[in-house]
Undergrad: 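I have a structure I would like to understand better, so I am pasting it below and will then ask my questions one at a time.
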Protein chains: 2
Amino acid sequence: MPRPASLSALQRRAEEVALLLKSLSHPVRLLAVCELMKGERSVGALEAATGAPQPTLSRDLARLRREGIVKARRQSKSVYYRLSDARAARMIDALCVAFGPETRKKRSAR
Amino acid sequence: MPRPASLSALQRRAEEVALLLKSLSHPVRLLAVCELMKGERSVGALEAATGAPQPTLSRDLARLRREGIVKARRQSKSVYYRLSDARAARMIDALCVAFGPETRKKRSAR
DNA sequence: TCTTATATATATCAAATATCGTTTTTGACA
DNA sequence: TGTCAAAAACGATATTTGATATATATAAGA
């Protein structure tokens with residue numbers, strides 16, 4: 001059985017994907033990124049969308065920035081964020097398909 | 001503007017999904033769960049599939065067990081694991097669509 | 001210009017959690 | 001009893017999180 005496409009290649013990919021998963025594995029960051037899927041948003045708007053206290057949100061946005069997932073632009077008083085990572089966008093898309101806002105509780109687990 | 005479908009409902013869903021993301025946000029766990037998508041596997045087989053040292057893998061499997069993502073069954077010397085959470089399966093499916101083993105590096109981020 | 005208000009960012013601290021390597025146990029057999 | 005396979009127990013270090021306080025940038029007034 002020829003280990004599919006080399007173990008270490010899989011491991012590298014897994015690490016990459018795992019990092020991205022970790023970035024999104026916090027409710028505030030997840031909600032923020034979901035909101036950004038709809039388009040550019042100010043911090044204030046994200047605050048409203050996530051319900052997170054401002055310093056918390058700011059810190060999480062800083063993290064997403066560092067990780068290259070979002071980019072910021074300042075316009076006078078406000079700072080506007082937007083998604084800047086296609087991988088993250090694809091992941092969110094996929095998650096929405098799988099768990100979309102309307103997902104019925106199928107209880108099909110076994 | 002009627003906050004879409006109640007903020008707190010979104011927050012609850014986000015927390016749920018974020019927990020799942022966190023469970024899978026580690027290379028070893030991610031690889032193990034991916035392997036289990038193909039069917040039941042012994043710890044030994046998972047060890048080979050993930051390349052992780054036995055105690056590490058065991059620890060991660062224990063965590064997935066606690067979180068209800070996998071179930072174990074002992075057959076004589078070996079222990080066989082299988083996926084037991086449809087949500088996790090759906091998520092992996094989604095990830096595979098988004099990042100499938102053959103994903104080209106599209107570099108479409110901007 | 002000096003002040004004040006608003007929006008956002010950064011800093012700090014303690015508690016909780018995660019991760020990793022190593023060692024020790026346990027369970028099921030031969 | 002000896003031996004595998006797998007789990008659990010340790011111990012060290014690092015990261016995350018939430019709360020709270022403080023700082024910066026820009027704009028608007030007096």
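Every chain is numbered from 1 and lettered A, B, ... according to where its sequence line falls, protein lines coming before strand lines.
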Undergrad: In whole Å, what is the span from the CG atom of A:Leu57 to the C1' atom of D:dG18?
TA: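 After rounding, the gap between these two atoms is 14 Å.
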Undergrad: Closer to the 5' end of DNA chain C via nearest nucleotide, is it B:Arg63 or A:Glu47?
TA: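 In this pair, the answer is A:Glu47.
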Undergrad: Between C1' on C:dA18 and CG on A:Leu21, what's the gap in Å once rounded to a whole number?
TA: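 That distance rounds to 16 Å.
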Undergrad: For the residue pair A:Arg73 and A:Tyr81, would you count it as a cation-pi contact if the rule is NZ or CZ under 6.0 angstrom from the ring centre and within 45 degrees of the ring axis?
TA: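 Negative - A:Arg73 is either too far from the ring of A:Tyr81 or too far off its axis.
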Undergrad: With nearest nucleotides of DNA chain D determined for A:Val28 and B:Gly44 from heavy-atom distances, which residue corresponds to the more 5′ nucleotide?
TA: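 Looking at DNA chain D, the more 5' nearest nucleotide goes with B:Gly44.
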Undergrad: What nucleotide, of C:dT8, D:dA7, C:dT10, holds the atom closest to the side chain of B:Gln54?
TA: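 Output: D:dA7.
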Undergrad: Where do B:Ser23 and B:Ile69 come nearest, in terms of heavy atoms and distance?
TA: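 Smallest heavy-atom distance, with atoms named: CB-CD1, 3.5 Å.
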Undergrad: Quick one: is C:dT17 close enough that its OP1 or OP2 comes under 4.0 Å of any side-chain N or O from A:Lys22?
TA: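 Checking C:dT17 against A:Lys22, no side-chain N or O comes under 4.0 Å of OP1 or OP2.
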Undergrad: If you pin A:Lys77 and B:His26 to their nearest nucleotides in DNA chain C, which one's is more 5'?
TA: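 On the 5' side of the pair lies A:Lys77.
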Undergrad: Within the pair A:Arg41 and C:dT8, is there a side-chain N or O less than 4.0 Å away from OP1 or OP2?
TA: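 For C:dT8, OP1/OP2 do not have a side-chain N/O of A:Arg41 under 4.0 Å.
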Undergrad: Looking only at side-chain N and O atoms, does B:Tyr81 come under 4.0 Å of OP1 or OP2 in D:dA5?
TA: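 No.
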Undergrad: Does D:dT20 have its OP1 or OP2 closer than 4.0 Å to a side-chain nitrogen or oxygen of A:Arg59?
TA: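 No.
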Undergrad: Starting at CZ of B:Arg65 and ending at P of D:dA6, how long is that distance when rounded to a whole Å?
TA: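 Atom-to-atom, B:Arg65 to D:dA6, this comes out as 12 Å.
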Undergrad: Using heavy atoms to find the nearest nucleotide of DNA chain D for A:Ser25 and A:Pro55 separately, return the residue whose nucleotide is more 5′.
TA: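 It is A:Ser25, whose closest nucleotide lies nearer the 5' terminus.
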Undergrad: If you look at every heavy atom in B:Gly68 and B:Ser84, which pair is closest and at what distance?
TA: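 Nearest pair, atom of B:Gly68 first, then B:Ser84: O-OG, 2.9 Å.
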Undergrad: Under 4.0 Å from OP1 or OP2 of C:dT6: is there any side-chain N or O of A:Ser78 that close?
TA: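 Indeed not, no polar side-chain atom of A:Ser78 lies that close.
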Undergrad: What pair of heavy atoms forms the shortest contact from A:Leu21 to B:Leu24, and how long is it?
TA: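 In this case the closest contact between A:Leu21 and B:Leu24 is CD1-O, 3.2 Å.
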Undergrad: Rounded to whole angstrom units, what separation is found between the CG atom of A:Leu19 and the P atom of D:dT15?
TA: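 Result: 12 Å.
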Undergrad: Would you mind classifying the nucleic acid contact of B:Thr56 as base, sugar-phosphate or nothing, using non-hydrogen atoms under 4.0 angstrom?
TA: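 Answer is nothing: B:Thr56 stays at 4.0 Å or more from every strand.
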Undergrad: Identify whether any heavy atom of B:Tyr80 sits under 4.0 Å from a base atom; if not, whether one sits that close to sugar-phosphate; answer base, sugar-phosphate or nothing.
TA: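 Touches nothing.
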Undergrad: Could you tell me the separation between the CZ atom of B:Arg73 and the P atom of D:dA7, rounded to a whole number of Å?
TA: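 It is 13 Å, rounded to the nearest whole Å.
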Undergrad: Does the structure place the NZ or CZ of A:Arg90 under 6.0 Å from the centre of the six-membered ring of B:Phe99, at an angle of no more than 45° from the ring's axis?
TA: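 Yes - A:Arg90 lies over the ring of B:Phe99, closer than 6.0 Å to its centre and within 45° of its axis.
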Undergrad: How far apart are the closest heavy atoms of B:Ala94 and A:Ala98, and which atoms are they?
TA: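 So the minimum-distance heavy-atom pair works out to CB-CB, 4.2 Å.
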Undergrad: CZ of A:Arg74 versus P of C:dT6: gap in Å, rounded?
TA: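 From A:Arg74 CZ to C:dT6 P: 16 Å.
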Undergrad: What is the distance, rounded to the nearest whole Å, between atom CG of A:Asp60 and atom P of D:dA19?
TA: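 Whole-Å distance recorded here is 13 Å.
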Undergrad: If I take atom CG in residue A:Leu64 and atom C1' in nucleotide D:dT16, what distance separates them, rounded to the nearest angstrom?
TA: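 A:Leu64 atom CG is separated from D:dT16 atom C1' by 14 Å.
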Undergrad: Under 4.0 Å, counting only non-hydrogen atoms across every strand here, what does A:Pro53 touch: a base, just sugar-phosphate, or nothing?
TA: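 Here A:Pro53 touches no strand at all.
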Undergrad: Just checking B:Ser76: base, sugar-phosphate only, or nothing, at a heavy-atom cut-off of under 4.0 Å?
TA: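 Sugar-phosphate, no base atom in range.
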